[in-house]
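What follows is a short report on a single structure.
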Amino acid sequence: MASLPLPSWGSLSYTHSPQPLQLPSKDQPNRTLPSLLQSIIPQPRLSPLLFNGHLQTAIPALFPSAPAIHYKRRVFTADSETFKGHFAVDFAVQPPTTGKEGEGELVTEDPVGVGHTDLPERTSYFTSAEFEALERRETDKPLLIVLHGLSGGSHEIYLRHAIAALVASSDKTEDEGLSGGDFDVLVANARGCAGSKITTGILYNARATWDVRQTVKWAQEKWPRRKLFGMGFSLGANILANYLGEEGASCPLTSAILVSNPWTLDISHTILQSTYIGKHIYSAAMGKSMRALFARHAAEITTNTVLDPAVIQATTYLHEFDREVQCPTWGYPTEGAYYRDASSADAVLAIRIPTLCLHAQDDPIACDQAVPYDEIKCTPWVVMCATSGGGHLGWVELGGERWHAKAVTAFFRAMAFEVDLEGMVVPETKAESWASKSGYRSPFGYSPLRRKLQLAENGKLIPGT
């Protein structure tokens with residue numbers, strides 16, 4: 001007797017412009033971005049044991065399991081006079097092999113001299129000679145640039161699941177590159193994260209686009225033949241969305257994915273505080289992780305003398321940490337002002353590359369109420385793919401696989417190897433202009449990136465400020 005299939009749950013819904021982007025391929029010359037996504041992204045088969053957003057969020061964190069990804073690290077010196085310091089970039093590489101004496105030995109001391117507080121598992125450093133050879137290497141292999149979530153890093157479970165298939169070694173891969181797979185992947189760790197050191201009093205915030213901007217610019221200059229892609233998770237998705245909006249039509253990336261983006265931070269914050277679990281479990285856990293990050297780098301961070309270490313360590317919730325660290329550091333009067341200003345919900349209107357958003361409607365942290373569904377309908381460049389379940393960065397399926405990893409792999413492979421980007425057709429929509437149509441001599445105009453906090457980088461205002 002044949003065994004009955006195990007039950008699973010989850011459904012998909014798409015939100016997009018009624019005038020979508022056309023992304024032709026050899027087989028489908030008139031295909032649109034939404035139709036492409038619907039043809040390549042599989043339906044979720046979420047585990048029936050994890051039947052709500054809380055379980056989908058908590059169980060993967062309590063019982064972590066993910067593919068083993070090996071990295072080699074390079075510490076970058078910030079090229080910004082405004083945001084001085086260093087940040088660590090981890091490149092996915094093939095597992096180390098041992099050969100002759102001295103070959104395959106892992107370098108655990110930073111040749112740049114900055115060092116680390118603790119080096120994550122399966123992470124070592126490039127030697128200076130290895131990194132110089134990497135920069136000189138000519139290649140057209142696709143490169144994916146990834147931003148992790150709050151206080152996370154390249155070692156995170158959800159991130160390793162997402163990139164595993166892209167970097168997996170394959171006999172069909174003509175250019176092995178660093179990873180041995182179809183893509184090379186690097187993770188730009190936020191300052192102080194993934195065991196990296198902070199060298200100035202500047203941490204990072206939800207608008208901290210300067211390090212990813214430098215990383216993308218560096219990759220574009222070193223490998224002009226590569227297609228560059230971007231992906232961000234949670235807070236990293238908010239940062240990446242802001243970066244995409246700031247760059248607009250000048251963005252060097254080919255396409256991007258935003259995963260579990262909290263979008264409208266003040267709404268996400270309000271919803272989080274409205275329930276016992278949201279405040280005392282999730283917000284408290286995130287506050288604890290940020291206090292631990294502060295404690296590891298207290299000597300450097302408190303060179304910013306407006307910060308009081310005792311007050312910071314006495315905080316409990318994430319918003320309290322933001323009140324005592326982010327507000328005085330960046331000049332915001334309240335955490336609410338910071339959240340409203342750093343949100344990426346409006347930035348979606350300025351994005352000018354094909355962008356896929358992945359979201360679970362039962363996400364208890366990046367809540368559904370904060371998603372800019374109406375704004376997404378106004379632009380042909382962005383499509384929201386929302387699942388009925390999956391929690392925050394969860395999407396655990398039967399057998400332990402992650403649905404978001406399948407969606408990520410399918411999208412990037414299609415964009416890198418199937419889509420004819422030169423034949424892309426952009427429809428004329430109101431996404432190009434929000435000027436008033438009232439007939440006044442001086443029509444009103446709307447800028448989606450008009451910020452309240454002005455930030456200048458190397459003497460030039462960051463777009464939108």
*Salt bridge between Asp266 and Arg340, side-chain N to carboxylate O under 4.0 Å?*
no
*Trp218 and Phe131 aromatic ring geometry - parallel, tilted or perpendicular at 30°/60° bounds*: parallel
*State whether a side-chain donor-acceptor pair under 3.5 Å links Asp322 with Tyr339.*
yes
*Atom pair CD/CG of Gln220 and Leu143 - distance to nearest 0.5 Å*: 11.5 Å
_Parallel, tilted or perpendicular: which one describes the rings of Phe233 and Tyr158, with boundaries at 30° and 60°?_
tilted
*Could you state the interatomic distance from CG (Asp368) to OG (Ser268), rounded to the nearest 0.5 Å?*
10.0 Å
*Is any side-chain heavy atom of Ile163 less than 4.5 Å from a side-chain heavy atom of Met231?*
yes
_If you define the side chain from C-beta out and look only at heavy atoms, does anything of Leu12 sit under 4.5 Å from Ile41?_
yes
*Heavy-atom side-chain proximity of Ile312 to Phe321 below 4.5 angstrom*: yes
_Check: Phe91 and Leu134 side chains under 4.5 Å, non-hydrogen atoms_ = yes
*Examine the side chains of His155 and Thr123 and answer whether a donor and an acceptor come within less than 3.5 Å of each other.*
no
*asked:* Side chains of His116 and Tyr125: any donor to acceptor distance under 3.5 Å?
replied: yes
*asked:* Between the side chains of Asp110 and Lys197, is the shortest nitrogen-to-carboxylate-oxygen separation below 4.0 Å, so that they form an ion pair?
replied: no
*side-chain contact (heavy atoms from CB on, under 4.5 Å) evaluation trace for Arg226 with Lys141*: CA-CA 6 Å; Arg226 282 191 194 256; Lys141 186 174 184 176; 3.9 Å; yes
*Can you tell which of Lys217, Lys84, Arg191 makes a salt bridge (charged side-chain N to carboxylate O under 4.0 Å, His left out) with Asp211?*
Arg191
_Quick one, Ile69 with Arg122, criterion side-chain contact (heavy atoms from CB on, under 4.5 Å). Give me CA distance, side-chain angles, the key distance, then yes/no._
CA-CA 7 Å; Ile69 305 293; Arg122 294 180 296 274; 5.6 Å; no
*asked:* A side-chain contact here means heavy atoms from C-beta on lying under 4.5 Å apart; do Thr329 and Ile202 qualify?
replied: no
_Is it true that, when you exclude Glu109 itself, more than 12 heavy atoms of the residues, nucleotides or ligands shown sit nearer than 6.0 Å to its CD?_
no
*Does Thr127 reach the side chain of Pro111, with side-chain heavy atoms less than 4.5 Å apart?*
no
*With a cut-off of 6.0 Å (strictly less than), are more than 12 heavy atoms of other residues, nucleotides or ligands near CD of Glu138?*
no
_Could you check whether Asp362 and Asn52, counting side-chain N and O atoms only, form a donor-acceptor pair closer than 3.5 Å?_
no
*Between Cys193 and Tyr204, which heavy-atom pair has the shortest distance, and what is it?*
SG-OH, 3.5 Å
*Can a donor-acceptor pair be found between the side chains of Ser344 and Asn238 at a distance below 3.5 Å?*
yes
_Arg73 and Pro120, any side-chain heavy atoms less than 4.5 Å apart_ = yes
*Once you round to the nearest 0.5 Å, how far does CZ of Phe87 lie from OG of Ser196?*
10.5 Å
*asked:* As an exercise, state the distance from CG of Leu240 to OG1 of Thr355, rounded to the nearest 0.5 Å.
replied: 8.0 Å
*Under a 4.0 Å N-O cut-off, is there an ion pair linking Glu401 with Arg45?*
no
_Reported CD1-to-CG distance for the pair Ile353 and Leu244, which is rounded to 0.5 angstrom_ = 4.5 Å
*asked:* Any donor-acceptor pair under 3.5 Å linking the side-chain atoms of Thr315 with those of Glu324?
replied: no
*Step by step, would you call Gln214 with Trp210 a side-chain contact (heavy atoms from CB on, under 4.5 Å)?*
CA-CA 6 Å; Gln214 177 178 339; Trp210 34 91; over 6 Å; no
*Do the rings of Tyr317 and His319 sit parallel, tilted or perpendicular, given the 30° and 60° boundaries?*
parallel
*asked:* I want to check something: taking the side chain as every heavy atom from C-beta on, are Met415 and Leu421 in contact at a cut-off of under 4.5 Å?
replied: yes
*Taking the inter-plane angle between the rings of Tyr338 and Tyr332 on a 0 to 90° scale, is it parallel (under 30°), tilted (30 to 60°) or perpendicular (over 60°)?*
tilted
*I would like to know whether Tyr243 and Leu147 meet side-chain contact (heavy atoms from CB on, under 4.5 Å); could you show each step before the answer?*
CA-CA 11 Å; Tyr243 165 77; Leu147 303 183; over 6 Å; no
*asked:* Under a plain distance cut-off of 3.5 Å, with no hydrogens placed, do Thr387 and Trp403 share a side-chain donor-acceptor pair?
replied: no
*Among side-chain atoms of Asn261 and His359, is any donor-acceptor pair under 3.5 angstrom?*
no
*Using the six-membered ring wherever Trp is involved, compare the ring planes of Phe412 and Phe229 and label them parallel, tilted or perpendicular (cut-offs 30° and 60°).*
perpendicular
